Amino acid sequence: MHNAFTPQTSGDLNYLKSLNRSTILSTVRRSPGLSRADIALRTGLTKATVGSVVQALVERGWLREGELHARGGGRPGRALYLDGERHYMLGAEVGVKGLRLVACNLLGVVLASIHQEEPPTDPATTAKRLAALLVQLRQAPDIAERRCLGLGVAVPGPVSPRAPILSLAPNLGWVDIDFLALLREQPDLPDGVWLLDNEANAAAFGEFYFFEGVPPESIAYISAGSGIGCGVVSGEHFPLVPRGHQGLVGEIGHTVIQPGGALCHCGNHGCAETLVSGWALREALHVDIDASLSNAVLARAEDGEVQAVMKRAGEALGLLMLNLHHTLNPSMLILGGSLMKLGESLTGPALAYFATHQNDLLRQSQTVPVKVIGDSTYVAARGAAAQVMARAAIEI
Ligand SMILES: [Zn+2]
């Protein structure tokens, strides 16, 4: 990336153009229906700049013109919207229990999807399997005529902030995997932007980028599934996901909340994941890896031992939410991941713990909104697609 202090060169002009283009696209994404004059007013760009950039974006199929806005005294202007018809992005999640793929348009609408519930084996075989599914997905009738902007892949572990390398996926046993390189060896995949990110980061980005309604200033997305991760996003036109020195930002599943507690997959004792994660709940409730955890909990809902395990897990999740609130203070917390299928038995104690302790500690009149996503099957894959769109908006 260029920095703001380099001297004026043609490179800087291109950079400035891409900033303007990206800013205008994000303004329309966040407030659909604005006119060119509205955009100039909101962004501080001149009307001439807005006019020429919008023209190019309409021609390239990123924006479309809608109805005429009547203006008091001034010339009427056309409403502008993201064009949902001409492009698509591919997003995929390599999950601990299976592969999920989506193709979505610039509005975040999922046009086609595939969910294959079969755990990944080794990285090379998984890349081959994913590539075959991507080829299959691209043949869906609604996307064959569109231009593909690229592919984003979400993985269940930290990704190095310096290179797109999966550092560690403890629940898959993968270490230092260049997954995109393995994918590039596969035939018939599209060009464009290719990205790799941690699944919670991708999910957080997507929920923020395609937020319906007035977007919050920042969000923290907790992904509670086989493991527990978290992604944090903020920023109006250029949403930022902090990653940390080693890509470990958001690895809340391995924060120790019970010193000297049970042994975790990471080698430490008393990590949050030993109390609230798919693997810990299966161990505590003796549910086989192939059986449905939510069905098992539902079937034994009246069992006192099950109730105690779920209460302890829910409160551990509430404690993680509280710690996030006090460390990062996001405008909104979002709970997602496969554990949300456990419903009230998990979210009940989590939300109660969070509400009680949040008020007690800060004496705040306004509590932080918490959104629970019951079915987050495609949230990370769609988020990876959103990351592709954000990058492509800068690079087009
Ligand atoms: Zn751990």
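All figures in this text were calculated on a predicted structure; none of them were measured in a lab. Counting convention: from 1, in listed order, for ligands and their atoms alike.
- Seen from the Zn ion (ligand 1), atom SG on Cys266 and atom SG on Cys264 lie at an angle near 110° (rounded to 10 degrees).
- Ring orientation note: the planes of His115 and Tyr378 are nearly perpendicular, at an angle over 60° on the 30°/60° scale.
- Inclusion of His265 in the first shell of the Zn ion (ligand 1) is not supported: no N, O or S atom falls under 2.8 Å.
- The minimum distance between the Zn ion (ligand 1) and any N, O or S atom of His254 involves atom ND1.
- Within the 3.5 Å criterion, the main-chain N or O of Ser35 finds a donor-acceptor partner in the side chain of Asp38.
- Counting heavy atoms of neighbouring residues, nucleotides and ligands inside a 6.0 Å radius, atom CZ of Arg147 does not exceed 12 of them.
- Residue Val153 is not grouped with residue Leu149 when hydrophobic side chains (ILVMFWY) are merged at heavy-atom distances under 4.5 angstrom, including chains of intermediate members.
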